[in-house]
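The next block holds one structure in the form of C-alpha cells; read it before the comments.
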Amino acid sequence: MSLHDATAVELIGPGRYRATIAAGWDIAGNANGGYLLAIAARAITDATGQPDPLTITGHYLAPGRPGPVTVDVDIARAGRRHATASAIMRADDRPLLVALATTTDLHTASGPERVDRAPPVLPAPPDCVAVVATDTFPPPFMGQVELRLHPDDAGFFEGRRSGEPRMRGWFRLPHGEPIDAHALVVATDAFPPTVFNADLPVAWTPTVELTAHVRGLPTPGWLACAFRTRFITGGYLEADGEIWNGDGHLIAQSRQLALVPRSR
C-alpha cells in the first residue's frame with residue numbers, strides 16, 4: 001500500500017475525518033509515530049485548505065493499532081498565507097494523538113537564505129546498508145519505506161555500536177512514489193533510533209512528542225538524512241533530525257522526545 005493511500009482521510013462531518021491505521025506500518029505492533037502524525041497532517045491540511053504542513057507537533061497518548069480512527073480538527077485561525085489548527089486522533093473513544101499544526105502552500109514560499117550547515121557526507125545509496133523489514137527486528141514498518149544507512153552507523157544490527165548516538169542515511173518511498181510534505185513528516189521518524197548506537201538497550205523507544213518543520217518540497221530521488229541525540233537524562237532522550245534534498249537544500253527538520261528504551 002502506498003503512503004498516500006495509507007494516510008488517506010475522508011470528511012464525515014464538520015471538522016471530523018475518518019481514516020484507517022494500515023497494517024504493516026508498525027514497530028512491535030504499534031504504528032510508527034511519524035506515520036500517525038502524517039494521518040493527522042492530512043486531516044488538518046484538508047480542513048484548512050492549505051496543502052502543506054509547515055510545522056506540526058504531535059503528543060502521543062496511546063499506541064495506535066491497525067484499524068479505523070477518527071480525527072477531529074479545530075481551526076484556530078485561517079489567514080491568506082498560513083492557517084493554524086489542532087486535531088485529536090481517536091480509536092473508538094480512546095485518544096491516541098493530539099496535534100497542533102500551521103499549514104501553508106510551500107509552492108509559493110520564497111525569501112532570502114542562509115544555511116550554516118551542510119548535508120551529511122554519505123556514500124552513494126548502493127554503498128550504504130539497506131534496511132530490510134522482518135516480522136520482528138527490523139520491524140514491518142521498514143518495508144513501507146526504503147532506507148540505506150551509512151555503514152558506520154549500521155553495525156548495531158550485528159551488535160557493533162559506533163558509540164555515537166546518531167543515524168545517517170538515505171530515504172525514499174518504494175515504487176517511485178513521490179515524496180510530498182506529508183511524506184517528509186514520516187521521514188522524520190523513519191530511521192532506527194539514534195540510541196541504538198549508544199550504550200543503551202536496543203528496544204522500542206516510545207515517542208512522547210515529535211515536531212516536524214517542513215522547509216521546502218523535495219525533488220525526485222533519494223533524500224539525505226541525519227539524526228543525532230545529544231542529551232539523555234531522566235529517562236528521556238531527544239533526537240534532532242535534518243533532511244536534505246538531492247540538490248543540497250534543507251527541506252525538513254525535526255525534534256523528538258522519547259523514552260529511553262529498557263532492557264527486556
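- Following chains of ILVMFWY side-chain contacts shorter than 4.5 Å, one cannot reach Ile88 starting from Val185, and the two form parts of different hydrophobic clusters.
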Salt bridge (charged side-chain N to carboxylate O under 4.0 Å, His left out) assessment of Arg228 paired with Glu242: CA-CA 9 Å; Arg228 184 174 183 86; Glu242 302 170 6; over 6 Å; no
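- Minimum heavy-atom separation, Ala83 to Thr48: CB-CB, 3.6 Å.
- Annotation: Arg172, atom CZ; neighbour count of heavy atoms from other residues, nucleotides and ligands within 6.0 Å is above 12.
- The distance from atom CD1 of Ile243 to atom CZ of Phe171, rounded to the nearest 0.5 Å, is 7.0 Å.
- A donor-acceptor contact shorter than 3.5 Å links the side chain of Arg161 to the backbone of Ala198.
- A continuous path of hydrophobic side-chain contacts links Val186 to Leu223 [ILVMFWY only; heavy atoms under 4.5 Å].
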Side chain to side chain contact (heavy atoms under 4.5 Å, CB included) assessment of Arg148 paired with Trp222: CA-CA 10 Å; Arg148 302 289 186 274; Trp222 290 98; 3.6 Å; yes
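- Annotation: Asp135, atom CG; neighbour count of heavy atoms from other residues, nucleotides and ligands within 6.0 Å does not exceed 12.
- Within the 3.5 Å criterion, the main-chain N or O of His182 finds a donor-acceptor partner in the side chain of Asp180.
- Scanning both residues, Ala47 and Ile75, for their nearest heavy atoms gives O-CD1, 3.3 Å.
- In this structure, the side chains of Pro53 and Ile44 stay at 4.5 Å or more apart for every pair of heavy atoms.
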Side chain to side chain contact (heavy atoms under 4.5 Å, CB included) between Leu3 and Gln144, intermediate numbers included: CA-CA 8 Å; Leu3 175 61; Gln144 310 297 339; over 6 Å; no
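- Rounded to the nearest 0.5 Å, atoms CG (Asn32) and CG (Asp26) are 9.5 Å apart.
- There is no path of hydrophobic side-chain contacts, each under 4.5 Å, that joins Ile27 to Leu257.
- Interatomic distance, SG of Cys128 versus CG of Leu149, reported as 7.5 Å (0.5 Å rounding).
- Linking ILVMFWY side-chain heavy atoms closer than 4.5 Å, directly or via other members, places Phe227 and Ile232 in a single hydrophobic cluster.
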Working for side chain to side chain contact (heavy atoms under 4.5 Å, CB included), residues Thr205 and Val260: CA-CA 6 Å; Thr205 308; Val260 174; over 6 Å; no
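- The shortest side-chain heavy-atom distance between Tyr236 and Val208 falls under the 4.5 Å cut-off.
- Considering all non-hydrogen atoms of both residues, Gly169 and Leu122 come closest at O-CD1, 3.4 Å.
- With sequence neighbours left out, Tyr60 forms a ring-ring contact (aromatic ring centres under 6.0 Å, His included) with no residue at all.
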Side chain to side chain contact (heavy atoms under 4.5 Å, CB included) assessment of Val69 paired with Leu96: CA-CA 9 Å; Val69 295; Leu96 305 180; 4.0 Å; yes
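- Enclosure of atom NE2 in His4 is not indicated, since only 12 or fewer non-hydrogen atoms of other residues, nucleotides or ligands lie within 6.0 angstrom.
- Of the possible polar contacts, one joining the Asn245 side chain to the Thr219 backbone as a donor-acceptor pair under 3.5 Å is found.
- For residues 66-80, the pairs satisfying salt bridge (charged side-chain N to carboxylate O under 4.0 Å, His left out) are Arg16-Asp72, Asp72-Arg90, with sequence neighbours left out.
- One finds the CG atom of Leu97 at 9.5 Å from the CD1 atom of Ile39 (value rounded to the nearest 0.5 Å).
- The structure places CD of Gln256 at 10.5 Å from CG of Asp240, a figure rounded to the nearest 0.5 Å.
- The closest side-chain heavy-atom distance from Thr104 to Arg81 is below 4.5 Å.
- For the atom pair Leu184 CG and Leu217 CG, the distance stands at 7.5 Å (nearest 0.5 Å).
- In the hydrophobic clustering of this structure, Leu259 does not group with Leu237; members are Ile, Leu, Val, Met, Phe, Trp, Tyr whose side-chain heavy atoms approach within less than 4.5 Å, directly or through other members.
- Under the 4.5 Å side-chain criterion, counting only non-hydrogen atoms from C-beta, Glu209 is in contact with Thr57.
- Residues Asp189 and Leu37 form no side-chain contact, since every pair of their non-hydrogen atoms from C-beta on lies 4.5 Å or further apart.
- For the pair Asn30 (side chain) and Pro63 (backbone), a donor-acceptor distance under 3.5 Å is absent.
- For Asp127, the CG atom is densely surrounded, since the number of other residues' heavy atoms within 6.0 Å is greater than 12.
- Judged by distance alone, the side chain of Glu238 and the main-chain N or O of Arg230 form a donor-acceptor pair under 3.5 Å.
- Here the side chains of Ile21 and Arg65 are not in contact, with every heavy-atom distance at 4.5 Å or above.
- Under the 3.5 Å distance criterion, with hydrogens and angles disregarded, no donor-acceptor pair is assigned to the side chains of Asp152 and Ser162.
- Closest heavy-atom contact between His82 and Gln50: N-NE2, 4.0 Å.
- The nearest pair of heavy atoms linking Ile179 to Ala183 is CG2-CB, 3.7 Å.
- In this structure the side chain of His150 never reaches within 4.5 angstrom of the side chain of Arg166, judged on heavy atoms.
- Smallest separation of non-hydrogen atoms from Ala40 and Val71: CA-CG1, 4.5 Å.
- When side chains are defined from C-beta on, Asp153 does not count as touching Phe191, because their heavy atoms never get closer than 4.5 Å.
- Using a 3.5 Å distance cut-off with no hydrogens or angles, the side chains of Thr188 and Ser254 do not pair a donor with an acceptor.
- A parallel orientation is assigned to the rings of Trp25 and Tyr35, their planes being inclined by less than 30° (bins at 30° and 60°).
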